[in-house]
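All values below were derived from every heavy atom in this structure, side-chain atoms included, with hydrogens, water molecules and symmetry-related copies excluded.
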Amino acid sequence: MSGERLRNFIGGEYVDAKDGRTMEVIDPSTGEAYAEAPASGPGDVDAAFHAAAGAFPAWRDATPGERSLAMLRFADAVERRAGDLVAAESRDTGKPLQLTMDEEVPPMVDNLRFFAGASRVLEGKATAEYMADHTSSIRREPIGVCAQVTPWNYPMMMAVWKIGPALATGNTVVLKPSETTPASTLLLAEIAAEFLPPGVFNVICGDRDAGRALVEHPTPQMVSITGSVRAGMEVAASAAKDLKRVHLELGGKAPVVVFDDADVASAAAGIAEAGYFNAGQDCTAATRVLVADRLHDDFTEALTEAAKGTTVGPPSDTDAYYGPVNNANQLDRVQGFIDRVPAHARVLAGGERVGDRGYFFAPTVVGGLRQDDEMIQDEVFGPVITVQSFTDEAQAVEWANGVKYGLAASVWTQNHGRAMRMTKALDFGAVWVNTHIPLVSEMPHGGFKHSGYGKDMSMYGIEDYTRVKHVMHYIGG
């Protein structure tokens with residue numbers, strides 16, 4: 001272990017856990033500890049919320065222009081410190097350095113700038129007389145202190161998605177990153193501290209117990225989590241006891257429906273890219289393919305070749321498309337799905353760990369699966385793409401919707417009418433046509449069913465972080 005020591009960021013400065021407890025942070029490329037982070041307890045959570053509550057009145061009362069300017073300066077600083085952020089992110093996640101720089105930093109900066117602008121154009125009904133002798137107006141106000149929990153698959157990007165709308169609308173934040181990936185979020189808080197008042201953005205490290213203390217604390221008026229369905233259910237149940245608002249972005253099992261008029265080569269290439277990006281550790285990953293019977297064999301062959309041509313390697317490998325899965329438990333989970341592949345199915349590519357150091361797993365394709373198989377119904381969250389064949393449009397819709405998740409889907413066809421029918425019929429919060437996974441700050445991201453509720457990004461993302469107040473004046477003589 002290198003001896004690197006991370007600390008909580010509370011009230012504008014780094015502090016140790018009150019009881020001094022720490023936990024190891026593992027580099028997934030090596031499987032070895034490289035740092036220790038605070039194992040925060042209730043006292044640390046209480047201190048963070050005390051700082052956030054103290055900072056709230058002034059941040060709430062700052063003008064939208066003042067908050068916007070602070071966030072724009074923060075975004076500029078993130079852009080300047082991109083190299084440091086990417087280094088921290090790659091150390092915690094094993095992601096390829098250059099790919100992370102190219103694919104994650106620009107949308108993070110753009111998202112901060114989007115919400116900086118959005119803070120100045122909050123919408124409401126026009127002030128008017130809706131009743132004789134009375135004038136009504138709408139105030140859109142911040143909720144207060146927000147508790148936020150982010151996952152290990154996109155630590156710094158998910159932190160930006162959460163703090164962007166919260167800070168823009170005048171809320172203050174206590175955020176807990178995953179225990180396996182705290183470094184980049186702490187650095188974000190350090191960078192932000194130059195432009196935000198102390199206590200506006202606080203970060204505490206810790207395990208599930210720290211997350212539970214965060215959710216159960218009486219101070220926050222809202223809890224936002226990106227994580228597993230199990231974690232989301234626990235958060236919702238806990239928050240209900242105190243009637244806190246809840247924002248949940250949970251798991252996914254995105255169907256990728258390929259019709260027989262799709263271009264095989266481009267579809268296979270695009271789906272491989274969207275399925276293996278970030279080692280398939282993405283709730284929207286294109287990992288569940290439904291392909292028309294007539295195209296099945298040709299498509300499966302093309303996808304298998306694409307998988308075999310996908311390189312996995314450590315952060316420094318410039319040829320690597322993805323790095324390791326995040327932790328030893330996740331590696332075991334992915335391998336477990338492969339070990340339990342039923343007899344009627346076949347592993348067509350990959351299916352094994354790569355090397356004996358770190359948590360690398362080969363790009364994998366599994367064919368011959370049935371709709372009720374475990375690998376079709378449950379989220380693998382790894383570099384594994386499954387392929388099923390369907391007979392007609394009705395069956396494609398039935399099977400695509402026949403899971404508990406509802407986050408994202410895509411349709412691959414040249415038939416405009418079919419594309420329109422499918423985008424209407426698919427029960428998912430985002431549906432792409434002839435592409436999969438692009439996201440933009442102006443459009444919402446969020447799902448249905450067990451994928452949770454609430455929207456990230458876009459003006460819709462503002463709604464979860466504001467409350468609406470009706471103000472009426474009597475103006476009669």
Legend entry - Note: E36-R5 ion pair, threshold 4.0 Å (strictly below): no

Legend entry - N326 and T93: side chain donor to acceptor below 3.5 Å: no

Legend entry - Y453, OH atom: more than 12 neighbouring heavy atoms under 6.0 Å: yes

Inset, instruction - Evaluate the ring planes of F201 and F74, with Trp represented by its six-membered ring, and classify them as parallel (under 30°), tilted (30 to 60°) or perpendicular (over 60°). - result: tilted

Inset, instruction - Look at the side chain of Q221 and the backbone N and O of I143, then say whether any donor-acceptor pair between them is shorter than 3.5 Å. - result: no

Inset, instruction - Measure from NZ or CZ of R91 to the centre of the six-membered ring of Y34, then state whether that distance is under 6.0 Å and the direction lies within 45° of the axis. - result: yes

Legend entry - Residue pairs fulfilling side-chain hydrogen bond (donor to acceptor under 3.5 Å, both in side chains) with at least one residue in residues 69-86, sequence neighbours excluded: D76-R113, E79-R113, R81-D84

Inset, instruction - State the NZ-OH distance between K449 and Y405, to the nearest 0.5 angstrom. - result: 11.0 Å

Inset, instruction - Hey, could you give me the OG1/CE distance between T185 and M157, rounded to the nearest 0.5 Å? - result: 12.5 Å

Inset, instruction - Decide salt bridge (Lys or Arg N to Asp or Glu O under 4.0 Å) for E179 and R208; before the verdict, give the C-alpha distance in whole Å, the side-chain angles of both, and the deciding distance to 0.1 Å. - result: CA-CA 8 Å; E179 61 264 38; R208 289 180 181 175; 5.2 Å; no

Legend entry - Contact check, side chains of Y154 and N278, non-hydrogen atoms, under 4.5 Å: yes

Legend entry - Between H445 and D456, a side-chain donor and acceptor under 3.5 Å: no

Inset, instruction - Determine yes or no for a side-chain-to-main-chain donor-acceptor pair under 3.5 angstrom, with R353 supplying the side chain and G358 the backbone. - result: yes

Legend entry - Main-chain N/O of V468 paired to R140 side chain as donor or acceptor, under 3.5 Å: no

Inset, instruction - Apply side-chain contact (heavy atoms from CB on, under 4.5 Å) to the pair T287 and V380, showing each step before the final yes or no. - result: CA-CA 9 Å; T287 55; V380 178; over 6 Å; no

Inset, instruction - Would you confirm whether N171, through its side chain, and V145, through its main-chain N or O, come within 3.5 Å as a donor-acceptor pair? - result: no

Inset, instruction - Please report the closest heavy-atom contact between N401 and A425, naming both atoms and the distance. - result: ND2-O, 3.1 Å

Legend entry - Heavy-atom side-chain contact between L186 and C205 under 4.5 Å: yes

Legend entry - Smallest separation among heavy atoms of A48 and I204, with atom names: CB-CG2, 3.8 Å

Inset, instruction - Answer yes or no: is there a donor N or O on one side and an acceptor on the other, between the side chain of S68 and the main chain of P64, under 3.5 Å? - result: no

Legend entry - salt bridge (Lys or Arg N to Asp or Glu O under 4.0 Å) between E463 and K455, intermediate numbers included: CA-CA 8 Å; E463 294 180 3; K455 299 296 182 185; over 6 Å; no

Inset, instruction - Answer with yes or no whether the side chains of T226 and K162 bring together a donor and an acceptor at under 3.5 Å. - result: yes

Inset, instruction - Compare all side-chain heavy atoms of V173 with those of L167 and state whether any distance is below 4.5 angstrom. - result: yes

Inset, instruction - Ignoring hydrogens and angles, state whether a donor on the side chain of Y14 or E190 is under 3.5 Å from an acceptor on the partner side chain. - result: yes

Inset, instruction - Assess whether salt bridge (Lys or Arg N to Asp or Glu O under 4.0 Å) is satisfied between D44 and K18, documenting all intermediate values. - result: CA-CA 6 Å; D44 305 295; K18 288 184 177 296; 5.6 Å; no

Inset, instruction - Would you please test K253 and Q377 for side-chain contact (heavy atoms from CB on, under 4.5 Å) and show each step? - result: CA-CA 8 Å; K253 194 68 182 175; Q377 292 296 318; over 6 Å; no

Legend entry - Side chain S90, main chain A87, donor-acceptor under 3.5 Å: no

Inset, instruction - Any chance you could measure F381, atom CZ, to N153, atom CG, to the nearest 0.5 Å? - result: 4.0 Å

Inset, instruction - Check whether the side chains of T386 and R288 place a donor and an acceptor atom closer than 3.5 Å, and report yes or no. - result: no

Inset, instruction - Considering non-hydrogen atoms only, spot the tightest contact between I338 and V366 and give its length. - result: CD1-CG2, 4.2 Å

Legend entry - T169 side, atom OG1; Y465 side, atom OH - distance, nearest 0.5 Å: 8.5 Å

Legend entry - Closest heavy-atom pair and its distance - A166, Q148: CB-NE2, 3.8 Å

Legend entry - Gap between atom CG of N202 and atom CD of E13 - 0.5 Å precision: 10.5 Å

Legend entry - Closest heavy-atom pair and its distance - A52, T172: O-OG1, 2.9 Å

Legend entry - Y322 vs P363 side-chain heavy atoms within contact, under 4.5 Å: yes

Legend entry - Donor-acceptor under 3.5 Å (R139 side chain, H470 main chain): no

Inset, instruction - Decide yes or no for T466 and E141: does some side-chain heavy atom of the first lie under 4.5 Å from some side-chain heavy atom of the second? - result: no

Legend entry - H217/F49 aromatic ring centres below 6.0 Å: yes

Inset, instruction - Verify side-chain contact (heavy atoms from CB on, under 4.5 Å) between I191 and L85, making sure each step is shown before the conclusion. - result: CA-CA 10 Å; I191 294 169; L85 284 162; 4.0 Å; yes

Legend entry - Side-chain heavy-atom pair D92, P155 within 4.5 angstrom cut-off: no

Inset, instruction - Kindly say whether K244 contributes a backbone atom to a donor-acceptor pair with the side chain of D242 at under 3.5 angstrom? - result: no

Inset, instruction - Report yes if some heavy atom in the side chain of M71 is under 4.5 Å from a heavy atom in the side chain of S119; otherwise report no. - result: no

Legend entry - Matching residue for W152 among S178, P177, P28 - test: side-chain contact (heavy atoms from CB on, under 4.5 Å): S178

Inset, instruction - Mark yes or no for whether E66, through its side chain, and T63, through its backbone, hold a donor-acceptor pair below 3.5 Å. - result: yes

Inset, instruction - Would you confirm whether N8, through its side chain, and I10, through its main-chain N or O, come within 3.5 Å as a donor-acceptor pair? - result: no

Legend entry - Between CD1 on residue I138 and CG on residue L122, distance to nearest 0.5 Å: 13.0 Å

Inset, instruction - Flag the pair E104 / E89 as yes when at least one side-chain heavy-atom distance between them is below 4.5 Å, and no otherwise. - result: yes

Legend entry - Minimum heavy-atom distance M422-V397, with the two atoms named: SD-CG2, 3.5 Å

Listed pairs under 3.5 Å, donor-acceptor, residues 430-442 side chains, sequence neighbours left out:
| unit_1 | atom_1 | unit_2 | atom_2 | d |
| --- | --- | --- | --- | --- |
| W432 | NE1 | P438 | O | 2.9 |
| N434 | OD1 | T413 | N | 2.9 |
| N434 | ND2 | T413 | O | 2.9 |
| H436 | ND1 | S410 | OG | 2.8 |
| H436 | NE2 | T284 | O | 2.6 |
| S441 | OG | D110 | OD2 | 2.7 |
| S441 | OG | N111 | ND2 | 3.4 |

Legend entry - Step-by-step side-chain contact (heavy atoms from CB on, under 4.5 Å) determination, W412 to V256: CA-CA 8 Å; W412 300 71; V256 183; 3.3 Å; yes

